[in-house]
Enquirer: 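Before we start, here is the structure in question, set down as structure tokens.
Please read all numbers here as calculations on a predicted model, not as lab measurements.
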Amino acid sequence: MDAVTGAGEDWLRDGLGVDGMDSGLWVTDVDYVQGWREVREVADRLNRALLGAGFELSELRAVASTNEEGRGVVRVAGWSGAVNRLAALLEADGDGGVR
């Protein structure tokens with residue numbers, strides 16, 4: 001399974017301000033990379049779903065990240081218009097997108 005990276009687009013410098021792992025102080029005994037690896041495929045899956053729904057990764061995307069304890073976290077970053085469109089899609093699902 002290929003990672004969804006937005007090849008051919010300048011999505012890394014699109015102003016959304018996400019860079020993978022949280023910025024801040026790191027604790028030396030915490031394995032932040034392992035937490036990130038655990039959620040990388042989940043973030044890629046969500047990005048494929050977003051692309052399939054017509055979103056561009058330069059406007060809305062999932063990012064594998066970690067919290068301060070090194071646990072993997074998937075964050076969704078996007079411009080307000082794209083996030084509003086996503087919310088409307090989830091609301092239109094009838095059950096809030098919960099399955």
Enquirer: Could you walk me through whether Leu60 and Val76 pass the side-chain contact (heavy atoms from CB on, under 4.5 Å) test, one step at a time?
Expert: CA-CA 7 Å; Leu60 180 69; Val76 177; 3.6 Å; yes
Enquirer: Is there a donor-acceptor pair under 3.5 Å between the side chain of Asn47 and the backbone N or O of Ala62?
Expert: yes
Enquirer: Could you tell me whether Arg71 atom CZ has more than 12 heavy atoms of other residues or ligands within 6.0 Å of it?
Expert: no
Enquirer: Can you list the steps and then say if Val63 with Val73 is a side-chain contact (heavy atoms from CB on, under 4.5 Å)?
Expert: CA-CA 8 Å; Val63 179; Val73 176; over 6 Å; no
Enquirer: Following the transitive rule for hydrophobic clusters with a side-chain heavy-atom cut-off under 4.5 Å over Ile, Leu, Val, Met, Phe, Trp and Tyr, establish whether Leu46 and Val83 coincide in one cluster.
Expert: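 As far as the 4.5 Å side-chain criterion goes, Val83 and Leu46 are connected within one cluster.
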Enquirer: Sequence neighbours left out, what passes side-chain contact (heavy atoms from CB on, under 4.5 Å) with Ala53? Give chain and number order.
Expert: Phe55, Leu89
Enquirer: So, using side-chain contact (heavy atoms from CB on, under 4.5 Å) as the criterion, who are the partners of Val42 when residues are at least two apart?
Expert: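 Testing Val42 for side-chain contact (heavy atoms from CB on, under 4.5 Å), a comparison that skips the adjacent residues, returns Val74.
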Enquirer: Is Glu59 salt-bridged to Arg85, going by a charged N under 4.0 Å from an acidic O?
Expert: yes
Enquirer: Restricting to non-hydrogen atoms, name the atom on Arg75 and the atom on Thr66 that form the minimum distance, rounded to 0.1 Å.
Expert: NH2-O, 3.6 Å
